[in-house]
Structure formats: C-alpha cells, structure tokens
Amino acid sequence: MSVVKTSLKLLVVTVLVVLLLRYWMATKQYVFNGEDVAKLAKQYAGELGQDHEQAFLKVVVELRKRYPGHILPDEDLQWVFVNAGGWMGSMCLLHASLTEYVLLFGTAVDTGGHSGRYWAEISDTVISGTFRQWKEGTTKSELYYPGDTIVHRVGEATSVQWSAGTWMVEYGRGFIPSTLGFALADTLFSTQDFLTMFYTVRVYVKGLLLEASTLLEGAGVF
C-alpha cells in the first residue's frame, strides 16, 4: 500500500507541476515574437552574392538593436555540434531562457533523422539550402527553400532532412529544459562526445545568466 500511496502522491505532484508550468507559460510576457524573428531572418535569406555567414552577421546585429541585453556578446558566441535523432548539425546560441531561445542552426553535409517531440513550439526560417519535412500521419514530404519558415508545433514529431549548406535562424518557445533530453541523448549514449556536451550546457547557462542579469537590471536591483 505504501508504494501505491507514494506513486499516487508523485502523480498528483507531477500533474500539479505540469499545470502550473502550463499556466505560467500561457500568462507570462515573452521577450521575442516568433513572427518578428522569422520576418527579420527572411530579409537576409537567399540574397545574391551573399553567403550564410554574412546573413547571420546581419541578423545578429539587428537582433541586438531590437532586443538589447538579450543577445549573448560576441565572445560567448560559439558554433557547437548537435547530434540528435540520428542527424548531425551545428548551432550557435544567441539567446536562452527557461521559456525561449534564439539560435543559428545548420549543416555543412547532407543529414536527416527524427525531429524530436517537444513541450515547445519551434520555428525555422531557411537562409540557404533546403529543408525537407515529412509529417507524422502523412505519406508525402514537403520541401522548403530560402525565405520559408517551418513551424514545429508542441507535441509534433516529423522526419527532417537538410541538404549540405542548409542554414537557418531558429526560435523556440515553451519549456526549454524539456528539449535538452533529446538534444543531448545522442551525445550521451552514442557519440560520447562529452566536450560537445560541456559546450552545449555552458552556453545555455551563459544565456540564462545573461537573461537573469538583464531582468535584475530592469527591476533596479543593479
């Protein structure tokens, strides 16, 4: 009986925590707007005579103007490998909090696999290359090009495939810590590239500290 009671208590606590988190995320004020981030990225997508690195520089400069105090400084920007769902890419985190993130993402080689299923909504705006997505429950895939924005809804799962040279601007909103299990699982159990795991955790913590500092400054604590 004690095991049953303990299990029921844990279940009740878990449900309450989930409900509280859902309420908090539904009522809190967010820093970024997904449509604004996508519109900004689209301005620099597929420009003739411009590679993705030049486009990314312009995106970062513009984000710093629009969201002062919320984008990591240049010295903290780092391209970090991501192995997840069978695919391999690279990301450069620009902003991170418990409920939002903005990053640059892409791959220099053909790659694909499982998207993951998250307690967060994620949107990607393609700067260069192609992004193919096969949604759960369908028998056909869709191909996206520079300037297109792909939205991955909360709880969705898809097959994803990126051609070599595909680079994107990504914005996520939801309970961001819930995405880390998928993001780090392949690194932990497959590649065992613990240095990359350290880089990933370190830059996320830097993002959290920056956001906390900006929040405290805004509240007049500093």
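We number each residue from 1, following the sequence as shown. Since the model is a prediction, treat every value here as computed from it, not as a measurement.
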Look only at the side chain of Ser115 and the backbone of Ala157, and say whether a donor-acceptor pair between them is shorter than 3.5 Å. no
Measure the OH-CG distance between Tyr171 and Asp124 for me, rounded to the nearest 0.5 Å. 13.0 Å
Please say yes or no: joined through hydrophobic side-chain contacts below 4.5 Å, possibly via intermediate residues, are Trp87 and Trp134 part of one cluster? no
Quick one: closest heavy-atom pair of Val59 and Leu40, and the distance? O-CD2, 4.1 Å
Linking I/L/V/M/F/W/Y whenever any side-chain heavy atoms sit under 4.5 Å apart, do Val102 and Leu77 land together? yes
I'd like to know if the side chain of Asp186 and the backbone of Gly86 have a donor-acceptor N/O pair within less than 3.5 Å. yes
For a 4.5 angstrom cut-off between non-hydrogen side-chain atoms, does Val126 reach Tyr145? no
Under the rule for ring-ring contact (aromatic ring centres under 6.0 Å, His included), what residues qualify as partners of Phe182, not counting sequence neighbours? Tyr118
Correct closest heavy-atom pair for Ala108 and Ala164 would be O-CB, 3.5 Å
So, Ser163 side chain and Thr130 main chain: donor-acceptor pair closer than 3.5 Å or not? yes
What heavy-atom pair brings Thr166 and Met168 nearest, and what distance separates the two atoms? CG2-CG, 4.2 Å
Tell me whether Val151 shares a hydrophobic cluster with Tyr101, the cluster being built from Ile, Leu, Val, Met, Phe, Trp, Tyr side chains joined at under 4.5 Å. no
If only atom types and distance count, is the side chain of Asp76 paired as donor or acceptor with the main-chain N or O of Pro73 below 3.5 Å? no
Correct closest heavy-atom pair for Ala55 and Tyr44 would be CB-O, 3.6 Å
Any Asp110 side-chain heavy atom under 4.5 Å of Trp162 side chain: no
Can you classify the ring geometry of Tyr67 versus Phe32 as parallel (below 30°), tilted (30 to 60°) or perpendicular (above 60°)? tilted
Using side-chain heavy atoms (C-beta onward) and a distance below 4.5 Å, is Val203 in contact with Met91? yes
Leu210 and Leu215: same hydrophobic cluster, using ILVMFWY side-chain contacts below 4.5 Å? no
dist Leu57:CG -> His52:NE2 (nearest 0.5 Å) comes out at 10.0 Å
Is any side-chain heavy atom of Phe56 closer than 4.5 Å to one of Val169? yes
For the residue pair Pro177 and Tyr204, establish whether any side-chain heavy-atom pair is separated by less than 4.5 Å. yes
Could you grab the distance from atom CZ of Phe175 to atom CG of Leu180, nearest 0.5 Å is fine? 9.0 Å
Short question: side chain of Ser213, backbone of Leu209 - any donor-acceptor pair under 3.5 Å? no
Search all heavy atoms of Thr107 against all heavy atoms of Met88 and return the closest pair with its distance. OG1-O, 3.6 Å
Kindly indicate, with the supporting measurements, whether the criterion side-chain contact (heavy atoms from CB on, under 4.5 Å) is fulfilled by Val31 and Glu211. CA-CA 10 Å; Val31 175; Glu211 201 58 21; 3.6 Å; yes
Nearest-0.5 Å distance that lies between atom CG in Leu94 and atom CD in Glu170: 11.0 Å
Please check: side-chain N/O of Ser128 versus main-chain N/O of Gly165, any donor-acceptor pairing under 3.5 Å? yes
Where is the tightest heavy-atom contact between Gly147 and Ala45, given as atom of each residue plus distance? N-CB, 3.4 Å
Give, for atom CZ of Arg132 and atom OG1 of Thr158, the distance between the pair rounded to the nearest 0.5 Å. 12.5 Å
Could you tell me whether a side-chain N or O of His152 sits under 3.5 Å from a main-chain N or O of Ile122, the two making a donor and an acceptor? no
Are more than 12 heavy atoms, taken from residues, nucleotides or ligands other than Phe194, located less than 6.0 Å from that residue's CZ atom? yes
Treating Gln54 as the side-chain partner and Asp51 as the backbone partner, does any N or O pair qualify as donor plus acceptor under 3.5 Å? yes
I would like to know whether Val160 and Phe131 meet side-chain contact (heavy atoms from CB on, under 4.5 Å); could you show each step before the answer? CA-CA 7 Å; Val160 293; Phe131 180 165; 3.7 Å; yes
Answer yes or no: is there a donor N or O on one side and an acceptor on the other, between the side chain of Thr179 and the main chain of Ile176, under 3.5 Å? yes
Check for a donor-acceptor pair, side chain of Arg117 on one end and backbone N or O of Glu156 on the other, with a separation under 3.5 Å. no
Side chains of Gln78 and Arg202: does their closest heavy-atom pair fall under 4.5 Å? yes
Thr125-Thr149 side chain donor-acceptor pair, cut-off 3.5 Å: yes
Can you tell me if Glu35 has over 12 outside heavy atoms packed within less than 6.0 Å of its CD? no
Beyond-backbone contact of Asp193 with Asn83, side-chain heavy atoms, under 4.5 angstrom: no
Are more than 12 heavy atoms, taken from residues, nucleotides or ligands other than Lys42, located less than 6.0 Å from that residue's NZ atom? no
Can you tell me how far CZ of Arg64 sits from CD1 of Ile71, rounded to the nearest 0.5 angstrom? 7.5 Å
Joint hydrophobic cluster, Val82 plus Val109, side-chain heavy atoms closer than 4.5 Å: no
Are any of the side-chain nitrogens in Arg66 or Glu62 under 4.0 Å away from the carboxylate oxygens of its partner? yes
